[in-house]
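Here is the structure we will look at.
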2 protein chains.
Amino acid sequence: MTRQTRIRSAETGARIRAAALRLFARDGYAAVSMRQIAGEVGLQVGALYNHVADKQSLLVVLMREHMEALLAALDAEALPEAPDAALEGFVRFHIRYHAARPDEVFIAYMELRNLGPENFAGIEALRRRYEDRLEGMLARGAEAGIFSVRDARVATMAVIAMLTGVTTWFRPEGRLSLDEVEAIYVEMARKAVGAR
Amino acid sequence: MTRQTRIRSAETGARIRAAALRLFARDGYAAVSMRQIAGEVGLQVGALYNHVADKQSLLVVLMREHMEALLAALDAEALPEAPDAALEGFVRFHIRYHAARPDEVFIAYMELRNLGPENFAGIEALRRRYEDRLEGMLARGAEAGIFSVRDARVATMAVIAMLTGVTTWFRPEGRLSLDEVEAIYVEMARKAVGAR
DNA sequence: TGTTGTCATGAACGGGTGTTCAGATATCCT
DNA sequence: AGGATATCTGAACACCCGTTCATGACAACA
């Protein structure tokens, strides 16, 4: 196995994943065929299997990559310690990150049922780790008397659902800029958790 | 066409729709075959086409039935005029109605992309009518100085996304009763729109 | 009792599915 | 130049898809 072919192989694999991501997001995992993906990359079907174990693992890889990149990006934000400032940072980060990656978000939320039980559990665990970051902020804020939440877990799910919903209607060329949307949601999220 | 056969036919059609609803919700529209649906009802495939034009119209009928029932149920609530009381009523209604119909909700939100353009537009129009009910409450409340929302449309989308999210985690046998969940969300929604 | 109309069967249609694999091809190292 | 290795092609495998239709069963009315 030579270095050059390794590189070329890695690039082909990336192009396959990129094509699959776009097609899965547009038509849904079940509706996309391996032949379609191969055609998009300019290959015959059989060649896909030099880079991917099977169709399902292609989906799993896309989901896992997304969730791990999401967690890494959140950590890279280095949000402030103060709960209210951390909440604002989280809201802005979540909206910005998700709005910039509609395909990944769509797949990660909609195609979970096409995963086998073990793959499902793995992705769910990553999602739970992400949710726990917000839950920690809300719990600390509540303890410090800065927030007023009856149930930190429920508040977490409510805020994340609210924020993720932005991806269903936001369009960059729309009436509001992303900055404006962020600002509106920061205000709503802060008020929802009773930030003073 | 005799009365008896009419009745039997209507019942068979209803059983087909019920089976399709359950299977679509569990496995996704694209992953469910007409043969599976027929098997669930105890028929051969061909017999389905005595009751349904084709697979897509089966999906459309399920979605349209759901959205129209949702609108009718909201109207039947006869919510108060006062914006804050109306909002509380809306929140409780939305959570209760959606939590009771997880399959319909799942399909109506996830399978939109399997609709042709004209069917899609029809379902979207129904959804918009539902959203407009809430938007009207928020706009009136803001005008009256009871709510504080920067953008009634965005606030509507945020509140609905927050509420609908409940269906992704709520379980009747879980830690919280539906009543408790409703109460938590009423409080969060009211605070989010700045209800005084 | 015979006629009419509804509904189900079972088979067929043309085509698409994910996956495998022998053989051809291209690339790199010696 | 020659051998090794990674990658691609093209065909095949066994199976499933949505939809149609001739045939037949059965129930209701005249």
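Proteins get letters first, then strands, A, B, ... in listed order; numbering begins at 1 in each.
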What's the CD1-P distance between B:I16 and C:dC7, to the nearest Å? 11 Å

Separation of D:dT5 atom C1' from A:N50 atom CG, nearest Å, is 12 Å

Rounded to whole Å, the CG-P distance (B:L48 to C:dA8) equals 9 Å

Are A:Y109 and B:Y109, when compared by the centres of their aromatic rings, separated by less than 6.0 Å? no

Angle class for the B:H66/B:H98 ring planes (parallel below 30°, perpendicular above 60°, tilted otherwise)? perpendicular

Tell me the interatomic distance from A:I37, atom CD1, to C:dT17, atom C1', rounded to whole angstroms. 12 Å

CG of A:N114 versus P of C:dG18: gap in Å, rounded? 12 Å

Parallel, tilted or perpendicular: which describes the rings of B:F24 and B:Y29, with under 30° parallel and over 60° perpendicular? perpendicular

Can you measure from CD1 (B:I107) to CG (B:L112) and round to the nearest 0.5 angstrom? 11.0 Å

Examine distances only and state if a side-chain atom of B:E88 and a backbone atom of B:A85 form a donor-acceptor pair shorter than 3.5 Å. no

Can you list the steps and then say if A:R153 with A:L138 is a side-chain contact (heavy atoms from CB on, under 4.5 Å)? CA-CA 9 Å; A:R153 181 71 193 150; A:L138 297 183; over 6 Å; no

Please state whether the phosphate of C:dT6, meaning OP1 or OP2, lies under 4.0 angstrom from any side-chain nitrogen or oxygen of B:H51. no

To the nearest Å, give me how far apart CD (A:Q44) and P (D:dA12) are. 14 Å

I'd like to compare against my own output: the B/S/- annotation of nucleotides 14-21 of chain D with a strict under-4.0 Å heavy-atom distance to protein. ---BBBB-

May I have the distance from A:R15 (atom CZ) to D:dT7 (atom P), rounded to whole angstrom? 14 Å

